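Reviewing the structure listed below.
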Amino acid sequence: MKKIAVITSGGDAPGMNACIRAIVNTAWQEGIDIVGYRHGFRGIVEGLSQPIHPDDMRLVSQRGGTFLKSARYPEFQRDDIAIQAAEQLDADGVDALIVIGGDGSFRGAHHLSKFWSKQVIGIPGTIDNDLTGTDVAIGFSTAVDNAVEAIDKIRETAEAMARVFIIEVMGRRAGFLGLHAAIAAAAEAMILPEIDPQPSLGDLADNIRQARKKFPDGSYIVILSENLWPGGVHGLAENLSQATQITCHPCPLGHLQRGGRPNAQDRILATQLGQSAISAILSGSSDMMIGFANEHVVEVPITRTFTRDKPLDQSLVDLQFSLQGVNFTSENGR
Ligand SMILES: Nc1ncnc2c1ncn2[C@@H]1O[C@H](COP(=O)(O)OP(=O)(O)O)[C@@H](O)[C@H]1O
Ligand SMILES: O=P(O)(O)OC[C@H]1O[C@](O)(COP(=O)(O)O)[C@@H](O)[C@@H]1O
């Protein structure tokens, strides 16, 4: 084992830099060189490689984003493009590849492994936290912190002005970020893709009216996962404003959830997974994800991570539903 390559792919996630540092420094101790390809899979195909030395890694862990750059590169689904990547890796003398990314990146890693006989390892890095087989992905914890910090700020102005806000959080098709943010921010309502049936417009409107009756001067916050309601957060806010005759303000949080410095938890997770990825390669693993489950580093077949839906923790869903709005909906006479 002489040379290992690393890419960051798909949506960047805070902590990716700390992960690369752990990979580089661990490999260095084993006498292995690390090369990074910029811009994810596109960088492999286009030969955008750069050697990475531990001296360059001294100050990267605290930075968000990814210094290696990331990209969405749908062309990588094509066999001829994956073959080009395999040829480039061979031409560069790469013995193994580490892909830090989400489910799409892991599909890409698996696709590449059909045309490249060397080892391929995935490390989960996605704020959506939607990969099966790992309790957490790099970036999720920071994204929750980012979302909650922003929601707390909205809460203050909403409370001051007695306003209703519909706040849209990211997650693509997964509700992990929405669920954690809703609990931490003590939201009055939560709409997530995994909840079936979804609350009806009528139920939501009734709930807002009840809250307004009990707390005429108070705020009310709905957490809505993206890609859910027709017309998104603006559509829901408009529908609810019409149904309640109370102005409901839409607020998409957007990319501020994904940017910013990684919190300590993400840096520690990233460091553990980066080091473990090198150990996994040295022990011969391939087409596996190095994840974290039940407080331990685990190896999971990469195909399992994206072929099964990862469920939300039902106890957390129940927790939020049992507590949200209890002060204006409970009928215990107090
Ligand atoms: N089915 C696939 N086959 C090959 N490559 C894929 C596939 N799906 C995604 N990829 C590659 O992985 C990249 C990242 O995937 P994407 O879904 O955008 O982000 P993430 O990895 O964060 O889920 C894509 O832009 C593409 O280059
Ligand atoms: O930044 P983009 O390309 O608009 O993508 C937005 C999407 O990326 C994410 O922030 C992260 O998703 P991935 O980690 O799967 O790439 C999603 O929550 C969101 O839907």
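All values derive from a computational prediction rather than experimental measurement. Numbering of residues begins at 1 and proceeds along the displayed sequence. For ligands, and for the atoms within them, numbers begin at 1 and follow the listed sequence.
Residues Ser9 and Ser105 come closest through the heavy atom pair OG-OG, 2.7 Å. Closest heavy-atom contact between Ala18 and Ser61: CA-OG, 3.7 Å. Considering all non-hydrogen atoms of both residues, Trp116 and Asp90 come closest at NE1-OD1, 3.0 Å.
By the 4.5 Å side-chain criterion applied to Ile, Leu, Val, Met, Phe, Trp and Tyr, Phe328 is assigned to a cluster that also includes Val164, Ile166, Ile191, Leu201, Leu204, Ile208, Phe215, Tyr220, Val222, Leu224, Leu228, Trp229, Val233, Leu236, Leu240, Ile246.
Of the candidates Phe76, Tyr73, Phe41, it is Phe76 that places a heavy atom closest to atom 4 (C) of ligand 1.
Looking at heavy atoms from C-beta onward, Val45 lies out of side-chain contact with Gln88 at the 4.5 angstrom threshold.
Near Gly11, the atoms of ligand 1 lying under 4.0 angstrom from a non-hydrogen atom of the residue are 22 (O). Near Gly102, the atoms of ligand 1 lying under 4.0 angstrom from a non-hydrogen atom of the residue are 20 (P), 21 (O), 22 (O), 23 (O). Every atom of ligand 1 is numbered from 1 in the order shown, and the set under 4.0 Å from a heavy atom of Arg107 is 1 (N), 2 (C), 7 (C), 8 (N). If you number the atoms of ligand 1 from 1 as listed, the ones under 4.0 Å from a heavy atom of Ser9 come out as 12 (O), 13 (C), 14 (C).
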Any protein N or O within less than 3.5 Å of an N or O in ligand 2? List each pair with its distance, or say none.
{"residue": "ligand 2", "atom": "1 (O)", "partner": "His255", "partner atom": "NE2", "Å": "2.7"}
{"residue": "ligand 2", "atom": "1 (O)", "partner": "Arg258", "partner atom": "NH1", "Å": "2.9"}
{"residue": "ligand 2", "atom": "1 (O)", "partner": "Arg258", "partner atom": "NH2", "Å": "3.1"}
{"residue": "ligand 2", "atom": "3 (O)", "partner": "Arg72", "partner atom": "NE", "Å": "2.9"}
{"residue": "ligand 2", "atom": "3 (O)", "partner": "Arg72", "partner atom": "NH2", "Å": "3.3"}
{"residue": "ligand 2", "atom": "5 (O)", "partner": "Arg72", "partner atom": "NH2", "Å": "2.9"}
{"residue": "ligand 2", "atom": "8 (O)", "partner": "Arg72", "partner atom": "NH2", "Å": "3.0"}
{"residue": "ligand 2", "atom": "8 (O)", "partner": "Arg258", "partner atom": "NH1", "Å": "3.0"}
{"residue": "ligand 2", "atom": "10 (O)", "partner": "Arg258", "partner atom": "NH1", "Å": "2.9"}
{"residue": "ligand 2", "atom": "12 (O)", "partner": "Asp128", "partner atom": "OD2", "Å": "3.1"}
{"residue": "ligand 2", "atom": "12 (O)", "partner": "Arg172", "partner atom": "NH2", "Å": "3.4"}
{"residue": "ligand 2", "atom": "14 (O)", "partner": "Thr126", "partner atom": "OG1", "Å": "2.7"}
{"residue": "ligand 2", "atom": "15 (O)", "partner": "Arg172", "partner atom": "NH2", "Å": "3.4"}
{"residue": "ligand 2", "atom": "16 (O)", "partner": "Gly11", "partner atom": "N", "Å": "2.8"}
{"residue": "ligand 2", "atom": "16 (O)", "partner": "Arg72", "partner atom": "NH1", "Å": "2.8"}
{"residue": "ligand 2", "atom": "16 (O)", "partner": "Arg72", "partner atom": "NH2", "Å": "3.2"}
{"residue": "ligand 2", "atom": "16 (O)", "partner": "Arg172", "partner atom": "NH2", "Å": "3.3"}
{"residue": "ligand 2", "atom": "18 (O)", "partner": "Asp128", "partner atom": "OD1", "Å": "2.6"}
{"residue": "ligand 2", "atom": "18 (O)", "partner": "Gly171", "partner atom": "N", "Å": "3.1"}
{"residue": "ligand 2", "atom": "18 (O)", "partner": "Glu226", "partner atom": "OE2", "Å": "3.4"}
{"residue": "ligand 2", "atom": "20 (O)", "partner": "Glu226", "partner atom": "OE2", "Å": "2.5"}

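Sorted by first then second residue, the ring-ring contact (aromatic ring centres under 6.0 Å, His included) pairs that include residues 5-58, not counting sequence neighbours, are Trp28-His53, Phe41-Phe76.
A salt bridge is defined here as a Lys NZ or Arg NE, NH1 or NH2 lying under 4.0 Å from an Asp or Glu carboxylate O, and Arg155 with Glu159 fails to meet this definition. Salt bridge present: Arg258 and Asp12 bring a charged side-chain N and a carboxylate O closer than 4.0 Å.
Ligand 1 lies nowhere less than 4.0 angstrom from a heavy atom belonging to Thr126.
At the shortest separation from atom 21 (O) of ligand 1 among protein heavy atoms lies Ser105 OG, 2.5 Å. Here the heavy atom of the protein found nearest to atom 18 (O) of ligand 1 is Arg72 NH1, 2.8 Å. The single protein non-hydrogen atom nearest to atom 5 (N) of ligand 1 is Gly108 CA, 3.2 Å, given as residue, atom name and distance. Among protein heavy atoms, the minimum distance from atom 3 (N) of ligand 1 is reached at Gln77 CG, 3.4 Å. Gly104 CA, 3.5 Å is the protein heavy atom nearest to atom 17 (O) of ligand 1.
Atoms CG and CD, on Leu177 and Glu226 in that order, are 9.0 Å from each other to the nearest 0.5 Å.
Just one residue in the list Asn263, Asn129, Ile127, Val136 forms a side chain to side chain contact (heavy atoms under 4.5 Å, CB included) with Ser141, and that residue is Asn263.
Within 6.0 Å of NZ on Lys69 lie no more than 12 heavy atoms contributed by other residues, nucleotides or ligands.
Residue His111 has no nitrogen or oxygen atom sitting less than 3.5 Å from a nitrogen or oxygen atom of ligand 1, judged on distance alone.
Contacts of Asn25 classified as side chain to side chain contact (heavy atoms under 4.5 Å, CB included), with partners at least two apart in sequence or in another chain: Arg21, Pro54, Met57.
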